[in-house]
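Below you'll find the structure, written out as structure tokens, and then a few comments.
As the structure is a prediction and not an experimental result, all values here were calculated from the model. Below, chains carry the letters A, B, ... as their sequence lines are ordered, and counting in each starts from 1.
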Amino acid sequence: MPELPEVEVVRLGLAEHVTGRTVAAVEVRHPRSVRRHLAGELDFAARLAGRQIRAARRRGKYLWLDLGGEQALLAHLGMSGQMRIQEPGSIDETHLRVRLQFTDGGTELRFIDQRTFGGLSVEDVVDGLPIPVTHIARDPLDPCFDPDAVIAGIRQRRTALKRALLDQTLVSGIGNIYADEALWRARLHGARLTATLTRAQGRAVLTAVTEVMTEALAAGGTSFDALYVNINGASGYFDRSLAAYGQDGRPCPRCGTAIRRDAFMNRSSHTCPRCQPRPRHPHP
DNA sequence: CCGAAAACCTGAACGC
DNA sequence: TGCGTTCAGGTTTTCG
């Protein structure tokens with residue numbers, strides 16, 4: 001489940017179901033899912049056995065289970081990763097990649113990932129962050145998120161606004177859905193050059209990001225199919241509230257003009273041609 | 001520094 | 001029914 005609200009839904013579920021439990025055994029069913037654990041899958045399993053999970057944390061789209069001792073089980077869900085809590089002995093999912101069992105003999109934690117772009121690793125924690133997360137910027141739901149600093153960073157770039165929003169080292173957690181939704185809410189076009197963005201417009205788009213993510217989280221995230229589900233396998237329903245993403249041909253909820261889809265950055269961008277006119281000096 | 005493209009995968013949807 | 005194409009909520013690397 002990719003973007004911040006979906007990852008946060010998973011984090012909340014993990015916090016409820018695995019905090020305080022001690023890992024008994026780890027089964028790696030697909031080596032690719034632990035490829036970022038450079039010491040290999042045997043080392044991965046050995047480093048988890050006997051460890052107690054203290055907390056479930058997140059920054060942007062990265063998720064980790066605090067193991068104490070300045071180590072953590074780090075997860076990135078990639079495009080299709082899921083975390084599921086299941087009864088021991090229940091049927092293995094088709095794309096089950098990693099299984100964690102606990103010393104209490106209760107439910108097990110499963111990492112399921114169709115496309116295997118995601119993965120797990122055990123990482124050292126420095127200043128509260130697993131090493132691979134240290135280059136990731138704070139996300140809009142972080143209590144220490146500093147919008148003015150992010151706006152300054154965006155304005156210093158020489159690129160298009162949407163590209164900046166998707167840059168996880170500037171502000172994290174934003175993916176293609178919430179970038180399009182926030183730009184629509186702020187009435188800005190993603191091809192707008194960051195250098196020409198006013199501070200007020202920067203503030204508007206970051207406010208829109210925060211609001212749309214908060215609303216999506218309250219709805220349990222965005223899900224179009226069974227690939228994006230919470231730890232119990234349930235889908236969120238924010239897809240019903242999307243104004244732009246995936247709405248090509250449908251009327252803009254604000255003005256009724258048909259939403260259009262264009263190729264941008266090797267993916268799709270959805271805009272209202274009336275509310276979000278293409279900038280005159282577009283080319284990034 | 002910036003951007004484009006490819007790479008890493010599987011499966012669903014669609015056109016013929 | 002089957003085959004080829006295109007597309008998908010991401011990140012990283014490589015090459016100009």
Side-chain angles (χ1 to χ4, degrees), chain A residues 1-10 29-36 38 58-63 74-83 93-97 111-121 130-137 139 153-183 190-191 193-195 209 212-213 215-217 219-230 235-242 244-248 261-270 282-284:
Chain A
M1 310 195 21
E3 304 182 47
L4 186 153
E6 294 75 38
V7 179
E8 177 64 7
V9 165
V10 173
R29 309 259 321 227
H30 197 313
R32 189 173 148 72
S33 293
V34 294
R35 68 192 179 284
R36 293 196 181 88
L38 301 179
R58 182 190 56 73
R59 172 175 284 196
K61 304 170 194 172
Y62 282 87
L63 179 66
L74 180 64
H76 196 289
L77 303 178
M79 287 286 272
S80 56
Q82 303 174 1
M83 293 285 194
E93 293 79 0
T94 304
H95 303 294
L96 174 63
R97 308 304 190 193
F111 178 68
I112 299 149
D113 190 8
Q114 177 195 108
R115 295 175 72 182
T116 68
F117 288 176
L120 308 180
S121 57
I131 300 280
V133 183
T134 54
H135 72 291
I136 300 295
D139 61 65
I154 288 175
R155 280 157 49 92
Q156 279 181 322
R157 290 300 184 90
R158 289 292 177 275
T159 190
L161 177 55
K162 181 167 177 180
R163 189 182 298 279
L165 292 177
L166 293 174
D167 183 342
Q168 306 295 303
T169 67
L170 272 175
V171 48
S172 68
I174 306 173
N176 210 29
I177 291 182
Y178 298 108
D180 280 1
E181 291 300 306
L183 288 166
L193 291 179
T194 50
V209 167
V212 71
M213 284 184 168
E215 292 170 28
L217 176 57
T222 300
S223 176
F224 305 117
D225 54 45
L227 227 43
Y228 303 95
V229 295
N230 69 15
S235 292
Y237 52 87
F238 194 71
D239 62 304
R240 290 174 228 167
S241 303
L242 295 175
Y245 184 87
Q247 307 302 306
D248 31 319
R261 181 169 79 109
D262 296 288
F264 183 66
M265 291 172 67
N266 262 342
R267 38 210 321 205
S268 294
S269 285
H270 308 76
H283 186 64

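Because its glycosidic torsion is more than 90° from 0, C:dG4 is reported here as anti.
Contact annotation: A:Tyr245 side-chain N/O to C:dG9 OP1/OP2 distance is under 4.0 Å. Look at A:Lys61 and you'll find a side-chain N or O under 4.0 angstrom from OP1 or OP2 of C:dT11. Between A:Asn176 and C:dG9, a side-chain N or O to OP1/OP2 separation shorter than 4.0 Å is present. Residue A:Arg163 places at least one side-chain N or O under 4.0 Å from the OP1 or OP2 atom of B:dA4.
In this structure, A:Tyr245 has no side-chain hydrogen bond (donor to acceptor under 3.5 Å, both in side chains) partners at least two apart in sequence or on a different chain. Partners of A:Thr169 according to the side-chain hydrogen bond (donor to acceptor under 3.5 Å, both in side chains) rule, which considers only residues two or more places apart in sequence or in another chain, are A:Asp167. Applying the salt bridge (charged side-chain N to carboxylate O under 4.0 Å, His left out) criterion to A:Arg35, with sequence neighbours excluded, gives no partner residue. Applying the side-chain hydrogen bond (donor to acceptor under 3.5 Å, both in side chains) criterion to A:Lys61, with sequence neighbours excluded, gives no partner residue. With sequence neighbours left out, the side-chain contact (heavy atoms from CB on, under 4.5 Å) criterion links A:Ala164 to A:Ile154, A:Thr159, A:Leu170, A:Thr194. With sequence neighbours excluded, no residue forms a salt bridge (charged side-chain N to carboxylate O under 4.0 Å, His left out) with A:Arg97. Partners of A:Ser172 under the side-chain hydrogen bond (donor to acceptor under 3.5 Å, both in side chains) rule, at least two apart in sequence or in another chain, do not exist in this structure. For the ring-ring contact (aromatic ring centres under 6.0 Å, His included) test, residues two or more places apart in sequence or in another chain that qualify with A:Tyr62 are A:His76.
For residues 112-121 of chain A, there are no salt bridge (charged side-chain N to carboxylate O under 4.0 Å, His left out) pairs, not counting sequence neighbours.
Nucleotides B:dC8 and C:dC3 place their C1' atoms 25 Å apart, quoted to the nearest Å. Comparing B:dG3 with C:dG9, their C1' atoms are spaced 23 Å from each other, to the whole Å.
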Could you spell out the base pairing of DNA chain B in dot-bracket, with Watson-Crick or G-U pairs whose two distances are under 3.5 Å, [ ] crossing and | to another strand? .|||||||.|||||||
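Heavy atoms of A:Tyr62 sit under 4.0 angstrom from primed sugar atoms or phosphate atoms, though from no base atom. Residue A:Asp113 is out of contact with every strand shown, counting any heavy-atom pair closer than 4.0 Å. Note on A:Phe224: a base of the nucleic acid sits closer than 4.0 angstrom, heavy atoms only. Within the nucleic acid shown, A:Arg36 has no heavy atom closer than 4.0 Å to any nucleic acid atom.
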Just by protein heavy atoms under 4.0 Å, how would nucleotides 7-12 of chain B read 5' to 3' in B, S and -? -BBBS-
Dump the pairs, protein N or O against N or O of nucleotides 14-16 of chain C, anything under 3.5 Å, distances to one decimal.
none

